[in-house]
Amino acid sequence: MDANEILDYCLAKKGVTETFPFDKETLVMKVGGKMFLLMSLEKQPLSIAVKTDPEWSAELREKYPQIAGAYHMNKTHWNSVLCEGLKRELIMKLIDSSYELIFESLTKKMKVEVENS
């Protein structure tokens, strides 16, 4: 997947917004005001950071050399994913999982706002 495909995939989800809170090259995707994906638009090969369940993180890191603890993030919960060489389905599953983890952490009020957006 390339950056545009990832962007389109994320924006198709309910309540997703794109921001640049850190600098002009790090795109941050949010749901309910909380980050679920970070992506550098300048660095190649393409890499994203996503939140994952800690147990699944350990499993992923053992199985795929392209997946490691995310730089500047809580490495127990966040993974850096080098997209090159990974199947599209796995990248989409990682994005879906990150979105769901963040969505589930939202308040009831915010969940309703996202669902109605």
Side-chain angles (χ1 to χ4, degrees):
M1 288 184 87
D2 66 25
N4 287 326
E5 291 173 308
I6 291 171
L7 177 63
D8 291 344
Y9 188 73
C10 290
L11 290 174
K13 296 181 174 302
K14 282 205 169 270
V16 171
T17 57
E18 56 179 304
T19 64
F20 289 88
F22 305 118
D23 55 41
K24 293 177 183 176
E25 74 174 52
T26 306
L27 175 64
V28 176
M29 305 303 288
K30 294 181 177 183
V31 60
K34 292 185 168 189
M35 298 187 304
F36 74 93
L37 181 138
L38 293 89
M39 175 171 55
S40 173
L41 299 176
E42 301 295 320
K43 293 182 184 171
Q44 289 299 321
L46 179 64
S47 177
I48 61 174
V50 289
K51 189 167 188 175
T52 49
D53 173 80
E55 287 181 27
W56 193 36
S57 286
E59 211 177 288
L60 289 165
R61 291 173 192 176
E62 282 182 29
K63 188 171 183 178
Y64 301 100
Q66 300 96 321
I67 300 177
Y71 187 65
H72 285 314
M73 305 292 277
N74 180 328
K75 289 165 184 46
T76 302
H77 297 279
W78 286 85
N79 281 311
S80 177
V81 179
L82 187 63
C83 295
E84 192 172 276
L86 291 179
K87 291 185 178 180
R88 175 185 187 87
E89 293 76 24
L90 176 59
I91 295 168
M92 292 186 322
K93 186 175 179 180
L94 288 163
I95 294 168
D96 292 344
S97 175
S98 185
Y99 176 90
E100 286 299 321
L101 283 169
I102 298 303
F103 180 80
E104 289 304 318
S105 75
L106 299 175
T107 63
K108 284 182 184 178
K109 181 182 176 186
M110 186 56 73
K111 285 180 186 177
V112 169
E113 285 181 30
V114 167
E115 288 170 345
N116 293 328
S117 65

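Owing to the predicted nature of the structure, the values given are computational and were not obtained by experimental measurement.
- The two residues K14 and E115 come nearest to each other via the heavy atoms NZ-O, 3.2 Å.
- In this structure, the side chains of V16 and Y9 stay at 4.5 Å or more apart for every pair of heavy atoms.
- For the pair K13 and D96, the minimum side-chain heavy-atom distance is below 4.5 Å.
- A pairwise comparison of heavy atoms in L41 and A3 identifies CD2-CB, 4.4 Å as the closest pair.
- At least one side-chain heavy atom of L11 sits under 4.5 Å from a side-chain heavy atom of M29.
- The 12-atom threshold is not exceeded at OH of Y71, counting heavy atoms of other residues, nucleotides or ligands nearer than 6.0 Å.
- Looking at heavy atoms from C-beta onward, N79 lies out of side-chain contact with Y64 at the 4.5 angstrom threshold.
- Atom-to-atom distance recorded for I6:CD1 and I95:CD1 is 5.0 Å, nearest 0.5 angstrom.
- For the residue pair R61 and G69, the shortest heavy atom distance occurs at NH2-CA, 3.4 Å.
- Side chains of L60 and L94 form a contact here, defined as non-hydrogen atoms less than 4.5 Å apart.
- Side chains of T52 and S57: a donor on one and an acceptor on the other come within 3.5 Å.
- V114 is connected to I102 through a chain of hydrophobic side-chain contacts under 4.5 Å among Ile, Leu, Val, Met, Phe, Trp and Tyr, so both are in one cluster.
- Here the straight-line distance linking atom NZ of K75 with atom OG of S80 works out to 9.5 Å at 0.5 Å rounding.
- Side-chain contact between M39 and L46 is present, with at least one heavy-atom pair separated by less than 4.5 Å.
- Closest non-hydrogen pair, M73 versus M35, comes out as CE-CE, 3.8 Å.
- Heavy atoms of other residues, nucleotides or ligands lying less than 6.0 angstrom from CD of E5 number more than 12.
- Between H77 atom NE2 and S98 atom OG the span is 12.0 Å, to the nearest 0.5 Å.
- In summary, of the residues considered (K34, K111, K51), a salt bridge (charged side-chain N to carboxylate O under 4.0 Å, His left out) with E104 occurs for K111 alone.
- To the nearest 0.5 Å, atoms NZ (K24) and CD (E42) are separated by 11.0 Å.
- Hydrophobic clustering places F36 together with W56 (ILVMFWY residues linked when any side-chain heavy atoms are closer than 4.5 Å, directly or through intermediates).
- Minimum interatomic distance between F20 and D23 (heavy atoms only, all atoms of both residues): CB-O, 3.4 Å.
- Two different hydrophobic clusters hold L106 and V112 under the rule that ILVMFWY side chains link at heavy-atom gaps under 4.5 Å.
- If you chain together hydrophobic residues whose side chains sit under 4.5 Å apart, M1 and L90 fall into the same group.
- A donor-acceptor pair is defined here as one N or O able to donate and one able to accept, closer than 3.5 Å; such a pair exists between the side chain of D53 and the backbone of E55.
- Residue H72 holds its NE2 atom at 11.5 Å from CG of L38, rounded to the nearest 0.5 Å.
- Under the 4.5 Å side-chain contact rule for hydrophobic residues, L7 and L37 share a cluster.
- Within the 4.5 Å cutoff, the side chain of I48 has heavy atoms near those of the I91 side chain.
- From S97, atom OG reaches atom CE of M92 across 13.5 Å, with rounding to the nearest 0.5 Å.
- You'll find the side chain of P45 reaches within 4.5 Å of the side chain of L82, heavy atoms only.
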